[in-house]
Amino acid sequence: MIGSPDVVAFTKEDDFGQADPDPWAIPEEFSVPLSPISDSNPWAKTSYAKFTKDFILISEFSEQVGPQPLLTIPEDPKVCGTFDLNYFSLRIMSVDYQASFVGHPPGSGYPRLSFVEDSRVVLGDSKEGAFAYVHHLTLYDLEARGFVRPFCMAYVSADERKIMLQFQELSLRFSQASECLKAGNRRAFAKELQRKLRDLEYTHSVLQREEGLQREAGTQRMYSAHAVEKANELANVEKSIYEHRDLLRQISSYNKRPRRDPQAVSCQRCINECLIECEQLIDKYAKLARPFSYNDKDETGQAIDAGGDEEGDDEGVKRRPSYTPQLIKAKSAKCFDKRLKTLPELCDVTFYDATVTLLKDTEKGFRGDLCYLHTQRLDKALRRKQRVTNFLFEEDLGDDDEEDERGTLRPFCAVNHAVDNDTPLNPPHIVLGTEPLVLDDLEPPDPLNPGHTSETEPGLVESHLESSPSDQTLETQGSSEGNKGSFSSDKSGLDLAEKQLNRAKSQAPDPDCELTNEPDMERESSSEDLETTAGDDDGDGTPVSLLEVVSELEASREDECEVITDGASDILIPLDSACCMAQEGFLYEASPAERTPCVGQSSNSQSPVVNQEPQALLPLQNDYTVGSPGSESPATGLELPVGLLGDAVSRTSLEEGSDCTMSASTGSDRAASPLGYGGVVTLRQRKKAGQGALKFVRQYPFAMQALWCLLSGRTLVVLGADEGRVRRLVSALALFVPAPGKCGERVQAWLSCPFTLTDLQRWKLIGLQRVASPVGSSMLYSLSRYSRYISILDVDQKTLRCPPYRGQLLANIADHRTSIRRGSTFFLHLQSTLCEMAAKAFLLTFTHHLHLPVSCTEGPEGVEGRRRCFLQGQLGLGHQDSQILLYLSQLVTQHYLQPATGGSAAATSFTFNYTTSVLYKI
Amino acid sequence: MLRWILGGREAQGSLEKSSMLCIGEEQPKNWFTELQVLKGHFDIVRFLVQIDDFRCASAGDDGLVLVWNVETGERLQELRGHSQQITAMTTFTCDDGDTTHTSLLTASSDRSLSLWDPDTGNRVQTISDLQSSVKCLLVLERLCVFVSGGGELCVWNKDFQLQCHRPNHSDTGITALIELPKNCIAAAMDKEIVIYRLTVSTDSSISVAEVRCLSDHQDRIRALINVNDGLFASGSHAGELILWDAIEWNIMAYEHILWEESPACTHAEIRLAAPKPSEMSIQHLTTNGRHILAAVGSGLYVFSVLTKTVVAYRKAAHDSNVLHTMLLSDSELMSCSEDGSVRMWEIQDLPLSAEPASSGFFGMWTFGRANKPSAPPLKKVVDVPNIRMLELTGDLIGHSGAVQMFVSFRENGLVTCSTDHLLILWKNGERQSQLRSLALFQKLEENEGL
């Protein structure tokens with residue numbers, strides 16, 4: 001079974017359960033999972049892996065040379081380092097669950113294509129320090145043995161937890177890739193069949209002619225050996241034609257077959273096109289049946305002989321002069337003589353390329369450690385909640401996120417049959433292990449009273465979630481009609497699980513029922529396969545651990561004893577858990593953390609992480625219309641949860657800012673275009689800018705004033721002679737520009753000509769070159785002319801000319817004695833503060849009575865007073881701090897009013913006020 | 001003061017010289033706190049015409065006429081047709097019984113006249129190949145005709161049919177036209193004002209006859225306006241302001257603005273530009289019936305119609321020639337100038353003490369010499385006991401070229417046009433934000449939530 005080194009590693013995870021004494025201190029869905037081994041370096045585990053980054057490996061079980069790696073994504077050889085890909089391919093391919101069936105099933109005349117569903121497993125190699133999500137798939141190849149070529153795609157990581165917790169999403173992505181490959185493969189296969197049929201047809205006609213001639217020549221003689229041979233050959237060809245025709249029919253029926261794999265969604269149009277193509281082919285070759293019948297004799301006008309039983313039909317050949325059919329030798333080449341098709345050939349290059357692109361995206365999407373992925377997702381989830389204010393300080397959320405949010409999954413399509421393709425489907429939400437749930441592991445909820453406290457709720461939900469998907473995702477073999485019972489479970493010996501299997505079989509004597517339960521048993525059996533394989537392979541006692549596949553299975557099964565699942569067809573057989581208690585319990589205890597990933601599937605489309613409202617924000621988002629306008633006091637009617645909000649945000653900020661857990665590999669690798677050149681500002685750039693901002697804040701005592709200018713909408717001009725210095729400062733300060741635009745349109749990093757009012761309207765932050773020349777004086781003229789609209793930060797002389805600011809709001813982020821040392825930490829700190837401001841601005845914007853009179857008798861002064869009272873009394877902001885919020889609120893309003901299509905003819909307006917400026921010096 | 005920006009002594013000097021009168025950055029009475037830059041013209045924009053409460057048309061040297069929505073800043077129509085610069089533009093409202101429809105009448109240097117429908121952007125009527133280009137237009141709504149002045153005086157009906165015309169006898173041609181009672185019109189031609197009378201005969205044909213020629217001005221007449229039913233006023237290049245009786249065509253008042261000042265007070269200005277006739281040229285006249293506001297050189301001059309005396313004046317109101325003025329009320333006025341700024345003024349009683357305006361008005365750059373510009377009113381107190389002072393209450397800085405003209409839409413804002421090819425829409429930021437909030441909640445209601 002599982003070797004000791006792995007066991008040690010897993011049992012250690014027991015300890016971390018106590019690490020979190022108060023699980024409700026932080027809303028659990030926003031907590032960052034602690035490192036599983038809390039008392040040691042979280043990166044220690046990965047240290048002995050021989051590769052530096054996670055990568056995707058595609059391998060094939062070649063019938064000629066055995067398992068071999070085909071390619072890795074990324075293709076950089078450095079990624080794999082000294083990691084032995086060949087060895088690992090052998091590992092992952094040796095757990096091929098699909099047990100691809102070969103040859104003629106008994107009782108059927110023709111060879112059958114096995115329609116095999118993909119299988120998904122997680123396995124690990126503790127010696128190599130490698131863990132992998134392995135996705136097996138089979139592709140069809142006419143020349144291959146049994147017409148199938150087994151492949152697998154593996155996501156290889158050093159962090160096993162990462163794989164386990166991302167299982168659902170990995171599975172989803174790889175299913176997409178697999179579907180894409182298979183779709184291409186079916187087309188290619190159909191084409192190949194077509195070609196083969198033509199060849200056969202041609203061969204057939206030639207043979208017939210020969211036979212006819214022969215018969216004419218030697219009618220008197222009895223059948224010579226030669227003639228017999230020819231006749232046999234002809235018969236063979238005929239048989240072959242029948243077989244291939246049948247194959248064609250089978251491949252075309254592929255899509256009509258009900259899919260068991262819920263994630264196997266493919267583009268409907270692709271399917272239809274393929275289907276139509278195949279049907280046309282079938283129609284075409286259906287004619288071929290007729291030459292073998294008697295009445296066809298009349299049709300074939302150019303029959304060479306008379307009296308032949310069967311007659312060649314050259315019609316097909318004549319119809320398609322473009323293709324020169326070839327004679328097919330009676331005996332196929334030996335399997336080692338032929339060259340096997342490569343993967344691109346197998347799948348049609350378009351589809352192959354699309355798949356590789358998809359996998360590359362997948363690899364990019366999963367970069368970084370678990371913690372990073374988790375925070376990133378939390379961040380995304382939060383941002384999705386704040387669509388109205390996101391444009392202020394957050395990066396743009398991509399389209400795919402919108403897709404996620406809509407809860408639909410677009411099947412991946414290589415040829416971009418995009419729009420009409422949306423299938424409403426609930427993609428699995430990714431839930432990372434949340435620590436509080438560990439409690440459930442430690443004290444399992446009372447099965448009789450599952451919902452007694454709120455504490456058990458997560459467990460309840462989890463088990464619901466877990467039970468239904470586990471049997472789907474781990475389904476290892478969707479059966480074709482013909483290969484039932486063909487799996488090789490028999491050899492797995494006398495294991496306990498085998499007993500289970502037998503028991504299961506005996507419990508389900510009904511064939512229908514057996515069919516339903518087949519996936520389970522297959523999985524069961526295949527897991528045995530794996531284990532035995534592992535044992536067989538590893539003489540040195542290092543096992544390939546079949547990680548949590550089993551344990552999760554068991555766990556879910558145990559849950560099932562408590563919770564009645566509702567998936568009627570997918571229901572697991574309630575096994576007698578007592579008989580395998582020892583093993584089960586062991587595994588179960590060994591991996592408490594892995595239990596927690598509750599993978600939302602059909603039963604619950606709402607993942608706890610993504611969809612639960614941050615508690616503090618709830619009242620904000622819901623109450624904006626309420627505002628009890630009837631009340632007399634200007635500020636009443638708004639029980640503002642300031643404290644709550646503030647707390648939540650500051651907590652987040654504390655949490656985020658306290659430690660910077662981003663590992664080195666976490667950076668996004670989007671094109672690093674310098675700010676201000678129209679490229680999309682990436683997170684990486686923003687973090688880098690965080691360093692600059694921190695430097696600025698520490699270096700300049702008047703940083704706060706400068707930030708206030710930016711946040712209150714006053715254009716800041718950074719004046720300096722040195723371009724690099726100005727650019728750096730501008731990119732640092734760009735973090736504070738509200739609504740900078742997708743590509744930083746409101747920021748101009750370097751300008752060396754005088755600016756005009758239009759520029760001021762467009763840009764909120766300008767880097768300006770100081771030149772000592774006539775050009776310079778005209779530039780300075782424009783500076784002084786528009787001085788009422790701008791603040792000027794002189795980099796060379798370290799002065800700032802701007803209206804005086806004495807507020808408190810920015811003291812938090814512009815404290816030059818800050819103890820934050822790292823740029824990315826400071827960036828997170830900033831983000832949380834800015835996020836808080838954005839939330840307040842949202843509140844201000846959408847609170848009705850702060851802008852409009854509550855009764856017809858009330859004048860604008862009343863509204864004004866109420867707004868002031870709100871800002872000062874409830875938000876506790878001074879006049880100048882209020883200006884920030886008012887400006888942000890204006891931006892929110894304008895953004896909201898913008899037509900969704902954009903591109904209004906009207907120019908944007910530019911608001912300012914008339915205040916005196918003062919000069920700050922260091 | 002700005003040395004830290006300028007980094008050089010000379011630059012500083014020139015800058016301070018140019019900012020002679022500067023209110024500074026603190027302008028509590030200035031409610032234009034939002035602006036929108038309207039782009040569309042390719043050359044100097046010279047004319048602005050208000051079409052209705054929310055639309056205005058702009059025209060200039062590029063021959064384009066653009067119709068703007070003042071509320072949103074949208075460009076509604078682009079009227080193309082003139083191949084050369086526009087020389088005159090006015091609205092033409094014709095009452096056809098129940099509906100009144102406002103059209104735009106434009107004249108251009110390409111010697112054509114066009115009538116446009118600002119709703120559709122169509123050119124309704126056009127006449128080209130006139131003998132001379134039209135310099136001014138006057139619509140007589142009562143007769144439903146319009147008069148074009150230039151090399152000759154022509155009367156057209158609304159269908160662009162020439163009713164009658166009179167050739168001109170001076171070289172400069174007609175530069176301004178106003179309507180007078182009893183079907184008379186006054187045309188400014190060089191130094192003279194010629195009074196014509198229009199006669200509508202029974203077959204509704206119109207004839208025009210010269211009735212009188214008033215040649216009391218010593219120099220070219222630059223401005224000619226109606227003051228009220230009984231008075232009209234004219235201003236000349238030499239600074240003569242004459243108030244005429246509209247019926248008898250007699251001189252009611254004569255004021256020669258010479259900017260008589262003591263040398264001590266003017267030395268600052270003298271250094272800038274030597275006294276030229278243009279310094280006292282009356283560029284523009286405007287009135288609200290009670291006061292006449294004259295733009296004299298770079299100064300402003302308020303003349304009371306009732307008392308026929310000077311109410312207030314400021315010689316150095318702008319750094320350069322004032323091009324357009326407006327009386328917002330009896331005490332508030334606005335002016336724009338070649339120096340690129342629009343300034344708002346208030347006619348205030350002099351403070352009781354002899355202390356001139358506080359240095360607080362004159363922002364941080366000029367307070368070193370703050371009392372110098374305020375010297376002239378101080379001196380005037382001695383001469384004219386009733387004089388009040390023009391106090392700068394705010395300025396609008398945005399254009400980088402001369403501000404040619406502006407049109408006020410009251411609380412909806414102000415549109416300015418300039419030689420820098422731009423129009424700027426100045427608005428009350430607070431009001432706009434209120435309107436936006438209103439729109440926001442409306443949209444919210446339509447969308448039924450966020």
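Worth saying up front: this structure is predicted, and the values here are computed from it rather than measured.
- One finds the CD atom of B:Q432 at 12.5 Å from the OG1 atom of A:T893 (value rounded to the nearest 0.5 Å).
- A:Y914 contributes a side-chain N or O that, together with a main-chain N or O of B:F32, makes up a donor-acceptor pair within less than 3.5 Å.
- Every residue two or more places apart in sequence or in another chain that forms a salt bridge (Lys or Arg N to Asp or Glu O under 4.0 Å) with A:E864 is listed here: A:R867.
- Neither the backbone nor the side chain of B:L425 comes within contact range of chain A, judged by heavy atoms closer than 4.5 Å.
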Worksheet item: A:L757 and B:L35: side-chain contact (heavy atoms from CB on, under 4.5 Å), yes or no, with the steps?
Response: CA-CA 10 Å; A:L757 189 68; B:L35 64 83; 3.8 Å; yes

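- Contact of B:W426 with chain A is made through the side chain alone, with heavy-atom distances under 4.5 Å.
- The 12-atom threshold is not exceeded at NZ of B:K39, counting heavy atoms of other residues, nucleotides or ligands nearer than 6.0 Å.
- One distance of note links OG of B:S433 with CG of A:L886; it measures 7.5 Å at 0.5 Å rounding.
- Taking each heavy atom of A:L852 and B:Q434 in turn, the nearest pair found is CD2-O, 4.5 Å.
- Only the side chain of B:N447 comes within contact range of chain A, with heavy atoms under 4.5 Å apart.
- Counting heavy atoms from C-beta outward, A:T756 and B:V37 have side chains that stay 4.5 Å or more apart.
- Taking OG1 of A:T915 as the start and CD of B:E26 as the end, the distance is 6.5 Å to the nearest 0.5 Å.
- Atom OG of residue A:S889 and atom CG of residue B:L440 lie 8.5 Å apart, to the nearest 0.5 angstrom.
- Classified by interplanar angle (parallel below 30°, tilted 30° to 60°, perpendicular above 60°), the ring pair B:F441/A:H851 is tilted.
- Contact of the B:D395 side chain with the A:R788 side chain is registered, since non-hydrogen atoms from C-beta on lie closer than 4.5 Å.
- Of the atoms belonging to A:F912, heavy atoms from both backbone and side chain fall under 4.5 Å from chain B.
- For the pair B:K443/A:Y896, a side-chain contact is recorded, criterion being any heavy-atom separation below 4.5 Å from C-beta on.
- Of all residues in residues 398-412 of chain B, those placing a non-hydrogen atom less than 4.5 angstrom from a non-hydrogen atom of chain A are B:G398, B:H399, B:S400.
- Ranked by non-hydrogen atom pairs under 4.5 Å with chain B, the options A:N913, A:T845, A:V892 are led by A:T845.
- B:E430 touches chain A through its side chain: at least one heavy atom from C-beta onward sits under 4.5 Å away, while N, CA, C and O do not.
- Here B:Q36 contributes atom CD and A:F910 contributes atom CZ; the two are 12.0 Å apart, rounded to the nearest 0.5 Å.
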